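Comments concern the structure below.
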Amino acid sequence: MRTVVRRMDQPDEAELGYREAAQCLAAGQNVAFPTETVYGLGAWIGSEEGLRGIFEAKGRPSDNPLIVHVYPGFDMREVAAEITPRVQALMDRFWPGPMTLILPKAEQVSSRVSAGLPTVAVRMPNHPVALEMMRRAGLAVAAPSANLSGRPSPTTAAHVMEDMNGRIPLILDGGACEIGLESTIIDMTVDPPMILRPGGLTMERIREILPDVRLDPGLSVEAHVTPKAPGMKYRHYAPKAPMWMACGTPDEQEAAIRQALAQHEGLRRGVLTVREHHDDYRAEVIQAIGSLDDPETMAAGLYDALRQFDRLGCEILFAETIPEQGIGTAYMNRLKKACGGHVLDPGLKKGADDHDE
Ligand code: TXA
Ligand code: MG
């Protein structure tokens, strides 16, 4: 299959892109499209063929449910069995935006979307191309992130192309995603409501509407409880090379990474750091994403950096960490997953060698 990419910043091409997207979706084909978080791989929720295509194209396990994307004017009763006043308040405040709500599922929603669960995940993305695509097609679109299962989510059309070339007919190129990490998932079918995946909408802001919201205990890396969002149990967001993260103060982190680098001379080593620390390390590949003063810029750069380490053939990776507040909660959730539990010992005593598996 030939994969066509349409540049949505060019008016003529955008016009074509919207028309082709509407045709593809209605015909049960898959379209990759930009959102403010990451690129999605879409299918019309009414097409079993399109839904099946998503799992095939991604190599996604079929027990992992999809997020339904909606647009202004869409009748939520088509997907959700009940909209409580609290749910309405969240939608009014944070949609369109990086917030996915788990709601009781309307009967007609395909079990391919919900993976057999009695609930459905819904969000209204805050991206003009995503909204216009759905509005023109007049269809709600189920979409996971448009990466191959297990790879970092795509934040540019080029990332989507890397993973999906030849697997889907159409990619709408809307440039780089502004947020760069997936949406926050809130389960509104439990009391108190529970955050199943930290994301682009911070806990602090959700508390303005839901003061009693809790974080799923299954989210902590050490947890022996299964996370409630089926997708959170897979090794995700991971580069190919093993990755180790440093903890503690900036100085402790620097010491730990320098020591680990020294212990791994001879390997192709990569460091994930920030602009302020770019010159602190000597390694084959150093990627400084964003600035410590502005963790949003780090979030926006994380997935591209992970893919870049793969492209540059790194064999071992070391990453700095940031405080788990604001967008830092989502950033650290993804980084921990990418590291698969690998934590460097604090500098100057022991190093990564002691942990090799
Ligand atoms: O920002 C995002 O949310 C992006 C863009 C494309 O919208 N989408 C995204 O989809 O990240 P995906 O499939 O990569 O992640 C969806 C997550 C998975 O962890 C899945 O298990 C969970 O949502 N999920 C979906 N439906 C659910 C449900 N009914 N109950 C619990 N978790 C659910
Ligand atoms: Mg995903």
Side-chain angles (χ1 to χ4, degrees), residues 30-43 45 51 54-55 57-71 79-81 94-106 109-127 129-131 133-134 140-155 159-160 163 172 174 177-190 193-201 216 218-219 226-238 299 303 330 333-334 337-338:
N30 300 124
V31 177
F33 62 96
T35 82
E36 80 280 33
T37 58
V38 301
Y39 274 73
L41 178 61
I45 58 169
L51 296 170
I54 288 179
F55 290 89
K58 278 184 65 93
R60 181 180 178 101
S62 61
D63 69 344
N64 195 3
L66 306 174
I67 297 176
V68 175
H69 295 68
V70 298
Y71 54 96
V79 293
F94 297 121
W95 275 3
M99 174 184 75
T100 295
L101 298 175
I102 306 296
L103 304 172
K105 169 179 112 59
V109 174
S110 166
S111 65
R112 266 187 218 284
V113 171
S114 61
L117 296 172
T119 54
V120 63
V122 193
R123 101 171 177 102
M124 187 184 292
N126 186 19
H127 195 291
V129 172
L131 293 176
M133 176 189 80
M134 292 189 283
V141 168
S145 47
N147 50 290
L148 287 174
S149 219
R151 295 211 72 201
S153 295
T155 54
H159 294 166
V160 179
D163 284 13
L172 303 184
C177 300
E178 200 180 325
I179 295 179
L181 299 178
E182 299 84 348
S183 61
T184 305
I185 303 179
I186 314 174
D187 188 349
M188 294 304 292
T189 67
V190 293
M194 192 147 74
I195 294 179
L196 305 188
R197 178 178 74 182
L201 181 66
D216 175 6
L219 283 176
T226 310
K228 294 281 184 319
M232 297 304 282
K233 69 173 184 269
Y234 301 105
R235 182 169 187 254
H236 242 180
Y237 319 112
Y303 288 148
N333 172 267
R334 308 305 190 269
K337 292 211 154 222

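Please read all numbers here as calculations on a predicted model, not as lab measurements. Counting convention: from 1, in listed order, for ligands and their atoms alike.
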Short N/O distance, under 3.5 Å, between Ser145 and ligand 1? yes
Backbone N or O of Asn126 within a donor-acceptor pair of the Glu36 side chain at under 3.5 Å? yes
For Leu117, the atoms of ligand 1 under 4.0 Å from one of its heavy atoms are 28 (C), 29 (N), 30 (N)
So for Thr119 against ligand 1, with non-hydrogen atoms under 4.0 Å, the contacting part is both
Are any of the N/O atoms on Ser183, whether in the backbone or the side chain, positioned under 3.5 angstrom from an N/O atom of ligand 1? yes
So is Arg197 polar-close to ligand 1, meaning N/O to N/O under 3.5 Å? yes
At less than 4.0 angstrom from any non-hydrogen atom of Leu196, what atoms of ligand 1 do you find? 31 (C)
Contacting atoms of ligand 1, where contact means under 4.0 angstrom from a heavy atom of Arg60: 13 (O)
Going through the distances and angles, do Ser62 and Arg112 end up as a side-chain hydrogen bond (donor to acceptor under 3.5 Å, both in side chains)? CA-CA 8 Å; Ser62 61; Arg112 266 187 218 284; over 6 Å; no
Do any of the N, O or S atoms of Ser153 sit under 2.8 Å from the Mg ion (ligand 2)? no
Determine yes or no for a side-chain-to-main-chain donor-acceptor pair under 3.5 angstrom, with Thr184 supplying the side chain and Gly199 the backbone. yes
Do we see a donor-acceptor contact under 3.5 Å between the side chains of Arg197 and Ser183? yes
With a 3.5 Å distance limit and no angle check, can you tell me whether Asn30 reaches the backbone of Gly42 through a side-chain donor-acceptor pair? yes
Subset of ligand 1 atoms that lie under 4.0 Å from at least one heavy atom of Glu182: 1 (O), 2 (C), 11 (O)
Using heavy atoms and a threshold below 4.0 Å, how should the contact between Lys105 and ligand 1 be classified: side chain, backbone, both, or neither? neither
Looking at Leu41, is its backbone amide N or carbonyl O close enough to the side chain of Lys58 to form a donor-acceptor pair, meaning the two atoms are under 3.5 Å apart? no
Assess, by modelled atom type and distance only, whether the side chains of Ser153 and Glu182 contain a donor and an acceptor separated by less than 3.5 Å. yes
Atoms in ligand 1 with a heavy atom of Ile185 nearer than 4.0 Å: 17 (C), 22 (C), 23 (O)
